[in-house]
Amino acid sequence: EAQQLTIYLGWLLHRVRGGVVAGVLFVLPGAISMLALSMIYITYQNAAVLESVFVGVKATVLAIVLSALCRLGRRLLHRPVMLAIAVGAFACSFMLSVPFPMVILLAGLTGIIFRISPDQDVVPGPDNRKNTHPDLVVSSTPHNLSARRVVTVLAICGALWLVPVIALHTMLGGGHIYAQQSLFFSQMAVVTFGGAYAVLSYMAEQTVNHYGWLSGGEMLDGLGLAETTPGPLIMVTQFVGFVAAYRNPGTLDPMLAGILGALVVSWVTFAPCFLWIFLGAPYIERLRGNAVLARVLSCITAAVVGVILNLTVWFGVQVLFTELRHVPIHFFAGKTGTVALPVLERFDPLAGAMMVTALLAITVFRIGMIKVLLCSAAFGLLAGTARLI
């Protein structure tokens, strides 16, 4: 969503040229930083120093996600119906393992079927926009809505996104790591309602449990690295792409394979954003007045809070407990599933203390996130060094 908003602002100022420049330059610093950090991580992953540093980083990441969840909850869940949708989304994600795209679909259908009125704080109309800067105000009359323009945008932006995906599948086969990455992250780019925090639990479940590209702990490490880089948090996808390709290099040098994997994942993650914005930007004002769409988006926004709660629980048990156990659960019609619950005796008091301290620093004392991350990393390093001594 951050990338799409940036492209939209560039489009408002200078149309397509502005959107391209804004979108590319917004992700480029983060992409370069994340690639460098991924290379360092994979090289020194098993070093005791790096492991100690990431103890503090993971605790801070959990605190950041918790603070984001609290902010969203206070802003979006002040009506019982929205709270119910959020709870339902959490139950579907946590207990039923319903995929993120299906949760989004169910939330949207709920808004349509039950005709839930939209929340004006969530889906503002044209009359309550606060920004009146002349260069950033869109006319209520849509711009250039010709069929020719729509076809042109679909052809150019769609080809830039999908032709590489088709080429990888054709040349390498569907089982190759690059083909799998291009398809999975393309699918994820279509359903990223709510931004990185919302889609991370879905990405973690697929990349860790389904594909086995990396471990849950490594996923947490990647998120910690992404929190320290400029640009959108979804840059963690590049870390996943790098590690996955590094572990499955084929005939290539592992480091080169990892770099190519990172490039593939970054391309299919961000290229679709240009398609969505260039195709939809002229329609924004007309869509904002659509009652059905407003109901759908309002319910989806509430569901995103529940999905982020699922992410928070998943991160929490991974960070705060050193051992988990899978407990079977039974549903109606003979359906069964499993829930990963922590072994309470394996609680890590050091991680818990660092998480609470970081949460207080961010929410109460309003200390900057980067400063808190650096302090937590330093404290983790000191604690790890003390253990070794």
>> Out of the candidates F278, F274, W276, only one should pair with W161 under the ring-ring contact (aromatic ring centres under 6.0 Å, His included) rule; please name it.
In response: W276
> Checking side-chain contact (heavy atoms from CB on, under 4.5 Å) for the pair T207/Y202: CA distance, chi angles, key distance, verdict?
Replying inline: CA-CA 9 Å; T207 57; Y202 171 59; over 6 Å; no
> Is any side-chain heavy atom of L109 less than 4.5 Å from a side-chain heavy atom of V296?
Replying inline: no
> Under 4.5 Å between any side-chain heavy atoms of V305 and M82, yes or no?
Replying inline: no
> With hydrophobic residues grouped by side-chain heavy-atom distances under 4.5 Å, do F114 and L77 end up in a single group?
Replying inline: yes
>> Is there a path of hydrophobic side-chain contacts, each under 4.5 Å between heavy atoms, that joins V55 and F321?
In response: no
> With no hydrogens and no angle check, is any side-chain donor or acceptor of T228 less than 3.5 Å from a backbone partner on L225?
Replying inline: yes
>> Taking side chain to side chain contact (heavy atoms under 4.5 Å, CB included) as the criterion, tell me which of L168, L162, I177, I166 meets it with S182.
In response: L168
>> Donor-acceptor pair, distance only, cut-off 3.5 Å: does the side chain of H169 make one with the backbone of A179?
In response: yes
> Which value, rounded to the nearest 0.5 Å, describes the distance between F315 atom CZ and L320 atom CG?
Replying inline: 12.5 Å
>> I need the minimum non-hydrogen distance between L214 and M219, along with the two atoms involved.
In response: CD1-N, 3.9 Å
> Side chains of R79 and S117: is there a donor and an acceptor less than 3.5 Å apart?
Replying inline: yes
>> So does A257 get a backbone contact from the side chain of Y178, meaning a donor-acceptor N/O pair under 3.5 Å?
In response: yes
>> Taking the side chain as everything from C-beta on, heavy atoms only, tell me whether I64 gets closer than 4.5 Å to E227.
In response: yes
>> Quick one about Q45 and E218 (side-chain donor to acceptor, distance below 3.5 Å, no hydrogens or angles considered), yes or no?
In response: yes
> Is any side-chain heavy atom of V199 less than 4.5 Å from a side-chain heavy atom of I234?
Replying inline: yes
> Roughly how far, to the nearest 0.5 Å, is the CG atom of L76 from the CD1 atom of I85?
Replying inline: 11.5 Å
> Looking only at atom types and distance, does a side-chain atom of S266 sit under 3.5 Å from a main-chain N or O of L263, one as donor and one as acceptor?
Replying inline: no
>> Whether the side chain of Q238 engages the backbone of L35 through a donor-acceptor N/O pair (distance < 3.5 Å, no angle test) should be reported.
In response: yes
> L311 and S201: which non-hydrogen atoms are nearest, and at how many Å?
Replying inline: CD1-N, 3.8 Å
>> Set out, in order, the CA-CA distance, both residues' side-chain angles and the distance that settles side-chain contact (heavy atoms from CB on, under 4.5 Å) for V268 and M188, then state yes or no.
In response: CA-CA 9 Å; V268 297; M188 202 178 74; over 6 Å; no
> Shared ILVMFWY cluster between L105 and L96, side chains joined below 4.5 angstrom?
Replying inline: yes
> When rounded to the nearest 0.5 angstrom, what distance separates CE in M235 from CZ in F270?
Replying inline: 4.0 Å
> Where do S93 and V98 land on the side-chain contact (heavy atoms from CB on, under 4.5 Å) test, with the steps shown first?
Replying inline: CA-CA 5 Å; S93 301; V98 176; 5.8 Å; no
>> Before you tell me yes or no, could you show the steps for V265 and V240 under side-chain contact (heavy atoms from CB on, under 4.5 Å), namely the whole-Å CA-CA distance, both residues' side-chain angles and the distance that decides it to 0.1 Å?
In response: CA-CA 8 Å; V265 169; V240 174; over 6 Å; no
> Looking at side-chain heavy atoms only, is the closest gap between F379 and L350 below 4.5 Å?
Replying inline: yes
> Which heavy-atom pair separates G261 from A245 by the least distance, and what is that distance?
Replying inline: CA-CB, 3.8 Å
> Linking I/L/V/M/F/W/Y whenever any side-chain heavy atoms sit under 4.5 Å apart, do V190 and V153 land together?
Replying inline: yes
>> What's the separation between atom CG in L260 and atom CD in Q181, rounded to the nearest 0.5 Å?
In response: 10.0 Å
>> Assigning hydrophobic clusters by single linkage (Ile, Leu, Val, Met, Phe, Trp, Tyr; side-chain heavy-atom cutoff under 4.5 Å), is V372 placed with M354?
In response: no
> What pair of heavy atoms forms the shortest contact from Y197 to V65, and how long is it?
Replying inline: CE2-CG2, 3.6 Å
> Within a reach of under 6.0 Å around OH of Y44, are more than 12 heavy atoms found that belong to other residues, nucleotides or ligands?
Replying inline: no
>> Are H326 and V339 packed together at the side-chain level, in the sense that at least one heavy-atom pair is separated by less than 4.5 angstrom?
In response: no
> What's the shortest heavy-atom distance between C273 and T269, and which atoms?
Replying inline: SG-O, 4.0 Å
>> Let me confirm one number: the CZ-CG distance from R346 to L344, rounded to the nearest 0.5 Å.
In response: 12.0 Å
> Side chain of T357, backbone of A353: donor and acceptor closer than 3.5 Å?
Replying inline: yes
> Do L62 and K58 have side chains that get closer than 4.5 Å, going by heavy atoms?
Replying inline: no
> Do the two ring centres, one from F242 and one from Y41, sit under 6.0 Å apart?
Replying inline: no
> With no hydrogens and no angle check, is any side-chain donor or acceptor of H78 less than 3.5 Å from a backbone partner on R75?
Replying inline: yes
>> Please find the pair of heavy atoms, one from Q180 and one from G175, that lie closest to each other, and give the distance.
In response: NE2-O, 3.6 Å
>> Any heavy-atom pair between the side chains of L220 and V57 that's under 4.5 Å?
In response: no
>> Please check this pair: side chain of R15 against backbone of L12, looking for a donor-acceptor N/O pair closer than 3.5 Å.
In response: yes
>> A quick test of your reading: do over 12 heavy atoms of other residues, nucleotides or ligands sit less than 6.0 Å from CH2 of W267?
In response: no
>> Using 30° and 60° as the class boundaries, would you call the ring planes of F94 and F90 parallel, tilted or perpendicular?
In response: parallel
> Say you draw a straight line from CD1 of I367 to CG of L373; how long is it, rounded to the nearest 0.5 Å?
Replying inline: 12.0 Å
> Side chains of S33 and T229: donor-acceptor distance under 3.5 Å anywhere?
Replying inline: no
